[in-house]
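Accompanying notes for the structure given below.
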Amino acid sequence: MLRLKVFLICAILLIFNAAEAGHLEEISARGTIKIGTTGDYRPMSYFNTETGEYEGIDAELSKIIADSLGVKIEYVPTTWKTLTADTLAGKFDIALCGISRNYARAKTLAMSDGYGVGYFGKTILCRKKDAKKFKTLADIDKPSVRVMINPGGTNEIFARTNLKNAQLIVFNENAEIPSQIAQGNADIMITETVEALNYIKLDKNLAAPLIDKPFTKHSCGILLQKGDQEFLNYINFVLAEIRDDGTLGKLEQKYLR
């Protein structure tokens, strides 16, 4: 009977310790870090179908974090519409894909310190021939203007909050919206300054006339579940180290300018 009691106590302690183990211990034991990403946001995290690889500043940050832990990356696809739910459900350890730091996310999830500070803000992408038409939000917020947005992210929130008269068109494939604009299937894409800058370089038919006067300003952060302060501290430590040694600045110059 005594042996049975001892066995049961040991088993309970093992279960308790396993439950208490944080993400750092889990990741180390697993040998991989699960990273959620949409893969549809140049120049942050973009899945290149030709190479089968993720590209962008967040892909490089993901590798730095994984290397610091001595583990490999296991990418877990997510969408802007399901990003919060997938994070809460623990489908991945962290999420990196150009995720805006804001109060709504901070209420239910943990967010790292910001990066890309000074680079991000809401702006528009339009056809170059129409660039002179759009100088203010009022120019965009007209019944004749078709605004295309991807569902579930801050672009949709911004559009629905600020555009009450324009035609809002929801399009599920964020990476394809710029080509939809260029082809004339919509007039405006609500996007970030860094994404707009990327696409006007890729397509001479596109323009971002308000890129130097964004409607908002913010930074990006790494998203994770609340409740594991040790893990959040570690992610912030990695960001602080690469900020101090100049690595982060070089990556921001490479991808965000």
Side-chain angles (χ1 to χ4, degrees), residues 36-49 55-56 58 77-87 95 97-105 119-218 220 223:
T37 190
T38 58
D40 62 354
Y41 183 1
R42 299 176 187 264
M44 306 306 292
S45 173
Y46 180 76
F47 183 71
N48 187 325
T49 55
E55 302 173 349
D58 282 332
T78 186
T79 68
W80 292 107
K81 192 173 182 178
T82 62
L83 178 62
T84 295
D86 288 347
T87 305
C97 46
I99 303 169
S100 302
R101 282 164 47 90
N102 57 44
Y103 296 126
R105 286 185 172 125
Y119 290 95
F120 290 88
K122 294 300 179 192
T123 191
I124 64 169
L125 195 66
C126 66
R127 287 180 293 282
K128 184 177 287 187
K129 66 178 184 179
D130 296 332
K132 292 182 180 180
K133 295 180 182 179
F134 306 113
K135 297 179 181 179
T136 65
L137 268 178
D139 294 333
I140 300 163
D141 194 21
K142 296 179 179 179
S144 60
V145 179
R146 300 165 299 165
V147 178
M148 189 169 281
I149 50 177
N150 63 303
T154 56
N155 291 342
E156 181 182 18
I157 293 172
F158 178 86
R160 294 194 183 282
T161 300
N162 295 280
L163 303 176
K164 303 300 183 182
N165 300 302
Q167 302 175 50
L168 299 185
I169 304 171
V170 176
F171 193 85
N172 288 322
E173 301 299 328
N174 185 60
E176 296 179 15
I177 295 179
S179 63
Q180 292 291 313
I181 302 299
Q183 293 167 21
N185 295 324
D187 304 305
I188 293 288
M189 176 187 185
I190 298 296
T191 183
E192 298 286 348
T193 49
V194 296
E195 187 174 34
L197 181 63
N198 192 272
Y199 280 109
I200 62 175
K201 291 177 181 177
L202 292 173
D203 192 333
K204 63 181 181 180
N205 296 309
L206 295 173
L210 304 178
I211 198 167
D212 294 326
K213 296 181 288 185
F215 304 122
T216 64
K217 291 185 178 181
H218 60 86
C220 285
L223 197 67

Between [X] and [Y], what is the shortest heavy-atom contact and its length?
| X | Y | result |
| --- | --- | --- |
| L206 | K128 | O-CE, 3.9 Å |
| A131 | A207 | CB-CB, 4.0 Å |
| N198 | P43 | ND2-CB, 3.7 Å |
| A166 | V147 | CB-CG2, 3.9 Å |
| P151 | W80 | O-CB, 3.6 Å |
| F134 | L210 | O-CD2, 3.7 Å |

Under 3.5 Å: donor-acceptor pair, side chain of [X], backbone of [Y]:
| X | Y | value |
| --- | --- | --- |
| N155 | I149 | no |
| T79 | T82 | yes |
| K164 | R160 | yes |
| D86 | L83 | no |

### Non-neighbouring partners of R127 that pass salt bridge (charged side-chain N to carboxylate O under 4.0 Å, His left out), sequence neighbours left out
D130, D187

### Task
Could you tell me the separation between the CE atom of M148 and the CD1 atom of I188, rounded to the nearest 0.5 Å?
11.5 Å

### Query
Can you list the steps and then say if L125 with I200 is a side chain to side chain contact (heavy atoms under 4.5 Å, CB included)?
CA-CA 8 Å; L125 195 66; I200 62 175; 3.7 Å; yes

For the residue pair [X] and [Y], establish whether any side-chain heavy-atom pair is separated by less than 4.5 Å.
| X | Y | answer |
| --- | --- | --- |
| T193 | Y119 | no |
| I99 | Y41 | no |
| L163 | I190 | yes |

### Contacts of T154 that satisfy side-chain contact (heavy atoms from CB on, under 4.5 Å) - sequence neighbours left out
S100, N102, R105, K122, E192

### Task
Enumerate the residue pairs fulfilling ring pair (Phe, Tyr, Trp, His ring centres under 6.0 Å) with a member in residues 138-159, sequence neighbours excluded, ordered by first and then second residue.
F158-F215

### Summary
For Y46, the side-chain hydrogen bond (donor to acceptor under 3.5 Å, both in side chains) test, sequence neighbours excluded, returns R42

### Message
Using the side-chain hydrogen bond (donor to acceptor under 3.5 Å, both in side chains) criterion, which residues pair with N205? Sequence neighbours excluded.
### Response
D203

Would you mind writing out the side-chain donor-acceptor pairs for residues 167-175 within the sub-3.5 Å range, not counting sequence neighbours?
from : atom 1 : to   : atom 2 : distance (Å)
Q167 : NE2    : P143 : O      : 2.8
N174 : ND2    : D40  : O      : 3.1
N174 : ND2    : E195 : OE2    : 3.3

